[in-house]
A.B. asks: 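Could you have a look at this structure, given as structure tokens, before my questions?
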Amino acid sequence: MFKQSAMAVLLAACAGANAALIYSNFAPANGYNTVVGHIILQDPETYFPQGDQFTSLTTGQAQTLDIAMGHVSGNTMVSMGLFFDVGGTMFGQVGSLVNITTQAGSFSSQSGYLSVNVASGGWNVTSGTTYWLVAFPSPNSNHGWNWNSIGATGNHYAGEDYNPSNTQGAFRLSTVPEPHTVFGIILGVAAIARWKKRK
């Protein structure tokens with residue numbers, strides 16, 4: 001009975017750790033601004049990526065990106081990247097780009113957002129460190145990244161320019177636990193098991 005209980009505790013702890021938040025500007029019930037947003041565009045004359053600066057709330061590897069982004073026209077692919085911040089500008093890529101496919105049409109309700117597994121990107125973050133999440137358009141594509149609805153503003157990258165007080169696009173980035181965190185949970189359960197056996 002104890003072994004089953006210990007395993008349940010371990011699984012619950014690991015599941016909780018999987019949901020550790022790196023950053024989010026979603027409103028309650030996954031709310032965001034359904035009317036306006038940033039344009040992510042690439043056509044023969046224009047190349048317009050968009051990105052937001054944020055500070056990580058935890059340490060670990062990013063697993064899930066939830067983002068209020070919709071397809072407007074052209075190709076449906078957007079490449080998302082994570083970058084280090086140096087002095088308010090992007091400097092050095094974290095891991096690799098992750099390609100996502102946007103849904104047709106801009107979002108018009110708070111219930112719709114993309115949830116993307118970004119574990120393949122190797123986006124390892126450190127608590128208290130500032131990063132940039134950037135969306136790069138594919139050729140002949142036009143996408144909309146809806147603004148958040150909680151008034152979150154910050155340093156924003158648009159095209160080749162940095163805007164220090166712009167509205168952030170709505171996104172949530174979640175992480176998996178560090179290996180030593182999971183190992184610590186396992187050791188804790190094992191220690192309780194030994195103590196229970198002696199008793």
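Quick note: numbers below take in every heavy atom, side chains included, and nothing from hydrogens, waters or symmetry partners.
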A.B. asks: Using only atom types and a distance under 3.5 Å, with no angle test, would you say the side chain of Asn25 pairs donor to acceptor with the backbone of Gly169?
C.D. replies: yes

A.B. asks: In a check of ring-ring contact (aromatic ring centres under 6.0 Å, His included) between Trp132 and each of Phe54, Trp123, Tyr162, which one passes?
C.D. replies: Tyr162

A.B. asks: In Å, rounded to the nearest 0.5 Å, how long is the span from CG of Asn33 to CD of Gln168?
C.D. replies: 13.5 Å

A.B. asks: Indicate yes or no for a side-chain donor-acceptor contact from His143 to the backbone of Ser138 under 3.5 Å, with no hydrogens or angles considered.
C.D. replies: no

A.B. asks: Out of curiosity, Ser174 OG to Gln61 CD, how far, rounded to the nearest 0.5 Å?
C.D. replies: 13.0 Å

A.B. asks: May I ask you to check whether over 12 heavy atoms, not counting those of Phe91, lie within 6.0 Å of atom CZ?
C.D. replies: no

A.B. asks: Would you say CD1 of Ile39 has more than 12 non-hydrogen atoms from neighbouring residues, nucleotides or ligands within 6.0 angstrom?
C.D. replies: no

A.B. asks: Which heavy-atom pair separates Asp52 from Phe171 by the least distance, and what is that distance?
C.D. replies: CB-CE2, 4.2 Å

A.B. asks: Does Val35 belong to the same Ile/Leu/Val/Met/Phe/Trp/Tyr cluster as Trp147, with side-chain heavy atoms less than 4.5 Å apart forming each link?
C.D. replies: yes

A.B. asks: Rounded to the nearest 0.5 Å, how far apart are CG of Asn75 and OG1 of Thr102?
C.D. replies: 9.5 Å

A.B. asks: How close do Leu21 and Arg172 get, heavy atom to heavy atom, and via which atoms?
C.D. replies: CD1-CG, 3.6 Å

A.B. asks: Ignoring hydrogens and geometry, is there a side-chain-to-backbone donor-acceptor pair from Gln53 to His156 under 3.5 Å?
C.D. replies: no

A.B. asks: Could you give me the CA-CA distance, side-chain angles and deciding distance for Ile100 and Met69, then say whether side-chain contact (heavy atoms from CB on, under 4.5 Å) is met?
C.D. replies: CA-CA 10 Å; Ile100 67 173; Met69 185 180 291; 4.3 Å; yes

A.B. asks: To the nearest 0.5 Å, what is the distance between OH (Tyr131) and OG1 (Thr126)?
C.D. replies: 4.0 Å

A.B. asks: Apply side-chain hydrogen bond (donor to acceptor under 3.5 Å, both in side chains) to residues His71 and Thr76 and explain how you reach the verdict.
C.D. replies: CA-CA 6 Å; His71 174 247; Thr76 58; 5.8 Å; no

A.B. asks: Begin with the C-alpha distance, continue with both residues' side-chain angles, and end with the deciding distance and a verdict on side-chain contact (heavy atoms from CB on, under 4.5 Å) for Asn117 and Gln63.
C.D. replies: CA-CA 6 Å; Asn117 186 326; Gln63 177 75 28; 3.2 Å; yes

A.B. asks: Tell me whether Leu41 is reachable from Leu97 by hopping between hydrophobic residues (I, L, V, M, F, W, Y) whose side-chain heavy atoms are closer than 4.5 Å.
C.D. replies: no

A.B. asks: Drop me the distance from Asn124's CG to Leu82's CG, to the nearest 0.5 angstrom.
C.D. replies: 9.5 Å

A.B. asks: Given 3.5 Å as the limit, does a donor-acceptor pair link the side chain of Asp43 with the main chain of Asn140, or not?
C.D. replies: no

A.B. asks: Drop me the distance from Gln50's CD to Ile40's CD1, to the nearest 0.5 angstrom.
C.D. replies: 6.0 Å

